[in-house]
Protein chains: 2
Amino acid sequence: MKPVTLKDIAEQLNISITTVSKALKDYPDVSKKTKGLVKELAKTLNYKPNTFAVNLRMKESKTIGLVVPVIVHHFFSNIIKGIISQAEKKGYLVIILQSNESYELEKKQVDLLLSQRVDGILISLANGTADFSHLNGIIQQGKPLVMFDKIAKIIKCSKIIIDDRKAAYNATQHLIDIGCKRIAHFRGALLPQNSIDRFLGYKKALLDNNFPYDPSLVYICELGDNSFEEGKENARKLLKDHNDVDGIFINTDLVAIGAMTEFKKHGVKVPEDINIVGFSNWFMSSVISPTLTTIDQPGYKMGKTAFKQLYKEMKAIKNKKPLPSKIITLETALIKRESTKSEME
Amino acid sequence: MKPVTLKDIAEQLNISITTVSKALKDYPDVSKKTKGLVKELAKTLNYKPNTFAVNLRMKESKTIGLVVPVIVHHFFSNIIKGIISQAEKKGYLVIILQSNESYELEKKQVDLLLSQRVDGILISLANGTADFSHLNGIIQQGKPLVMFDKIAKIIKCSKIIIDDRKAAYNATQHLIDIGCKRIAHFRGALLPQNSIDRFLGYKKALLDNNFPYDPSLVYICELGDNSFEEGKENARKLLKDHNDVDGIFINTDLVAIGAMTEFKKHGVKVPEDINIVGFSNWFMSSVISPTLTTIDQPGYKMGKTAFKQLYKEMKAIKNKKPLPSKIITLETALIKRESTKSEME
DNA sequence: ATAAACATCGAAAACGTTTTCGAATATACC
DNA sequence: GGTATATTCGAAAACGTTTTCGATGTTTAT
């Protein structure tokens with residue numbers, strides 16, 4: 001019933017706790033014979049070191065904290081999977097918390113992780129987060145912090161991102177290449193950096209091609225949740241305001257799918273009447289009809305990379321040689337599908 | 001830099017560590033005055049109890065382990081969300097591990113959680129799991145274990161499930177009600193209980209309606225991953241073997257969507273030629289074309305319920321009054337959409 | 001006045017591990 | 001035989017908290 005301790009093994013073998021501990025860790029100053037005895041008995045008794053004691057002694061828990069805005073989300077669950085699988089390889093466990101896109105909750109979750117004394121923190125910011133003192137709190141405690149996807153440029157820590165601006169530029173350029181003349185954009189909320197960058201990429205592509213930039217063609221997802229409903233809502237608005245739009249670059253696949261559903265309802269054909277490019281390459285997008293042209297965003301890889309960076313920093317801090325912050329940009333790719341016409345020669 | 005400890009507070013106030021500890025926990029045997037002083041200083045110093053020490057002393061970590069077969073999955077990520085949100089309310093953290101549908105990995109993950117000394121474990125079994133000794137290991141250690149969705153009937157622990165058989169029965173009955181005469185079934189792998197139960201529900205509905213049960217109409221997802229590809233594969237086989245099938249009850253939405261895609265490719269119309277009912281009500285199913293008739297499986301609620309049950313059992317074990325195991329069955333609902341014809345009068 | 005009750009505090013043990021440092025024994029060398 | 005060097009072990013401190021139990025001082029009741 002009671003878990004086996006070093007003491008139990010020591011008593012049965014009539015040696016000291018010290019020796020048992022050292023034997024199990026292959027210290028050079030214990031004989032082969034006693035090592036053998038100890039290891040054998042440890043195995044038969046099914047000894048498992050008490051993590052609580054180890055944590056206290058070593059001042060680390062081999063556990064990291066992860067805060068994401070949402071869990072039920074193709075992109076984020078891929079990131080989570082990437083983080084967990086990489087962490088496991090290095091012997092780390094992951095505690096996951098959700099901010100629900102709320103700054104208040106995010107702050108609370110960070111505090112929770114801090115008081116739990118995790119060895120490091122991975123975070124993707126809530127859309128509403130504009131104050132960053134809770135993040136500085138992490139750094140002040142000397143804990144490594146790595147941000148991914150939804151980042152804050154101001155904070156001095158490593159970041160794993162994609163080049164949203166470039167990806168958006170490519171998406172918009174694709175619409176231009178296939179012959180679109182009037183291109184709208186459904187953008188995300190005002191605050192998140194990637195929502196801003198995607199907008200800027202869209203705008204730059206227009207200007208580089210001598211297209212006029214028309215602010216009335218930019219629709220903001222006002223609810224801020226990048227939902228199916230927002231796509232439908234904006235599609236309705238667009239249909240009312242502008243009947244000459246023949247291409248849309250949309251912030252997120254889900255919003256794009258909402259828009260396509262609404263267009264279908266109104267008899268507007270995709271891609272014949274309107275070409276659509278989404279963003280993220282949710283699995284869903286390859287399965288709907290028409291399949292959605294989109295930007296592939298490497299969630300799994302982002303998760304892996306984020307943990308790897310955090311791991312390096314945790315190791316560095318342990319060795320009292322903190323690493324400089326690093327910004328890693330992951331490649332994206334334009335996935336051409338049925339929602340945009342094929343390229344013209 | 002160094003975190004503040006009880007000792008720091010005690011020294012600054014010239015009182016004992018004991019008194020500081022008691023003051024912070026509102027013990028009755030410390031005066032209001034000292035309580036005030038201690039609490040104030042604790043706040044200004046930003047004192048946070050050292051979780052490692054507390055865990056060691058209290059022999060509990062307020063942390064539970066969660067093992068799921070997959071993370072990137074609409075149903076499971078909903079469950080995860082439910083578990084995390086409920087756990088947070090009770091002050092528990094959740095460590096998530098993934099078995100990747102592999103028995104070996106599942107066993108390893110359970111061992112990991114056990115050696116981490118989590119206070120309890122929630123698990124949904126991998127499809128390949130047929131040996132259950134690792135689960136009995138949990139119970140033998142006196143740790144509460146609650147299984148959900150993919151369960152093993154043999155293990156004596158609480159379980160949160162849906163009535164798969166009844167749900168499958170209703171799905172099949174729906175196909176019969178709308179006039180289908182020859183109904184096929186794409187089932188999941190052979191081992192998982194819910195795959196078995198759904199098959200049995202399908203069969204019972206047929207027999208209750210005096211339909212012949214024809215084993216050649218039951219297609220097994222052989223890869224065992226319930227994927228889009230498996231849906232396409234089975235649809236191809238069905239098209240080759242049976243040209244008279246006018247309804248299919250399919251184990252999982254994703255497989256159903258794969259099948260629909262394949263049918264569309266071959267010019268077979270849904271629901272005109274073949275009616276399809278899926279299972280799980282993934283968000284995706286409400287967005288594809290045609291929208292998919294399916295069984296709604298309450299993932300979020302299942303997660304919440306699973307944690308609640310685990311919490312009760314953890315509390316009970318702490319009070320040395322272990323609770324009897326309990327099986328909780330959650331309600332499902334048939335969601336009628338476009339992939340099945342409307343009911344005949 | 002004495003005894004009983006109450007209020008307030010602190011010493012110390014315990015949780016189980018890791019690691020430093022010194023002690024003891026055995027082996028090597030001259 | 002004596003000194004130096006390996007080899008093998010263990011005592012003890014430390015990590016920071018919780019909680020038992022006794023000590024001290026103060027108030028109330030008799």
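Predicted model only: the values in this text are computed from it and were never measured. FYI, side chains are in, hydrogens and waters are out, and symmetry mates aren't considered; it's all heavy atoms of this structure. Reminder, nothing fancy here: chain letters follow the sequence lines and each chain counts from 1.
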Exercise for review: May I have the step-by-step check of salt bridge (Lys or Arg N to Asp or Glu O under 4.0 Å) for A/Asp26 and A/Lys39, ending in yes or no?
Suggested key: CA-CA 10 Å; A/Asp26 268 325; A/Lys39 283 180 180 173; 3.1 Å; yes
Review point. A/Ile17 CD1 to D/dA13 P: how many Å, rounded?
Key: 14 Å
Exercise for review: Within residues 47-55 of chain B, find the residues that approach DNA chain D with a heavy atom at under 4.0 Å, and present them sorted by residue number.
Suggested key: B/Tyr47, B/Pro49, B/Asn50, B/Ala53, B/Val54
Study note, to complete from the structure: d(A/Lys312 NZ, A/Leu310 CG) to nearest 0.5 Å is 11.5 Å
Review point. In whole Å, what is the span from the CE atom of B/Met58 to the P atom of D/dT20?
Key: 10 Å
**Study point:** Close side-chain approach of A/Arg117 to B/Phe52, heavy-atom, < 4.5 Å
**Key:** yes
Exercise for review: With a 4.0 Å heavy-atom cut-off, tell me which residues in residues 20-41 of chain A come close to DNA chain D, sorted by residue number.
Suggested key: A/Lys22, A/Asp29, A/Val30, A/Ser31, A/Thr34
Review point. A/Val146 and side-chain contact (heavy atoms from CB on, under 4.5 Å): which partner among A/Ile121, A/Leu122, A/Ile123, A/Ile151?
Key: A/Leu122
Check your understanding: Which salt bridge (charged side-chain N to carboxylate O under 4.0 Å, His left out) pairs, counting each pair once, include a residue from residues 58-72 of chain A, with sequence neighbours left out?
Key -> A/Glu60-A/Lys318
Point to revise | B/Gln109 side-chain N/O to B/Gln98 backbone N/O, donor-acceptor pair under 3.5 Å | key: yes
Exercise for review: Find the distance B/Glu11:CD to C/dG10:C1' and express it as a whole number of Å.
Suggested key: 15 Å
**Study point:** Phosphate OP1/OP2 of D/dG10: any A/Thr18 side-chain N/O under 4.0 Å
**Key:** no
Practice item. Quickly work out the A/Leu6 CG to D/dA11 C1' distance and round it to whole Å. Key: 15 Å
Practice item. Quick one: list whatever passes ring-ring contact (aromatic ring centres under 6.0 Å, His included) with B/His73, sequence neighbours left out. Key: B/Phe76, B/Trp282
Exercise for review: Provide, to the nearest angstrom, the distance between the CG atom belonging to B/Leu56 and the P atom belonging to D/dG16.
Suggested key: 12 Å
Practice item. Send over the distance from A/Ile9 CD1 to C/dG16 P, rounded to a whole Å. Key: 13 Å
Practice item. Using only side-chain N and O atoms of B/Lys59, determine if any of them is under 4.0 Å from OP1 or OP2 of C/dA14. Key: no
Point to revise | Residue list, ring-ring contact (aromatic ring centres under 6.0 Å, His included) with B/Tyr103, at least two apart or on another chain | key: B/His134
Check your understanding: Do any side-chain nitrogens or oxygens of B/Thr19 fall under 4.0 Å of OP1 or OP2 in C/dG10?
Key -> yes
**Study point:** Contacts of B/Thr305 that satisfy side chain to side chain donor-acceptor pair (under 3.5 Å) - sequence neighbours left out
**Key:** none
Exercise for review: Take the protein atom CD1 of B/Ile15 and the nucleotide atom C1' of C/dG10, then report the distance between them rounded to whole Å.
Suggested key: 10 Å
Exercise for review: Could you check whether B/Thr5 gets within reach of a base, just the sugar-phosphate, or nothing at all, counting any heavy atom under 4.0 Å?
Suggested key: sugar-phosphate
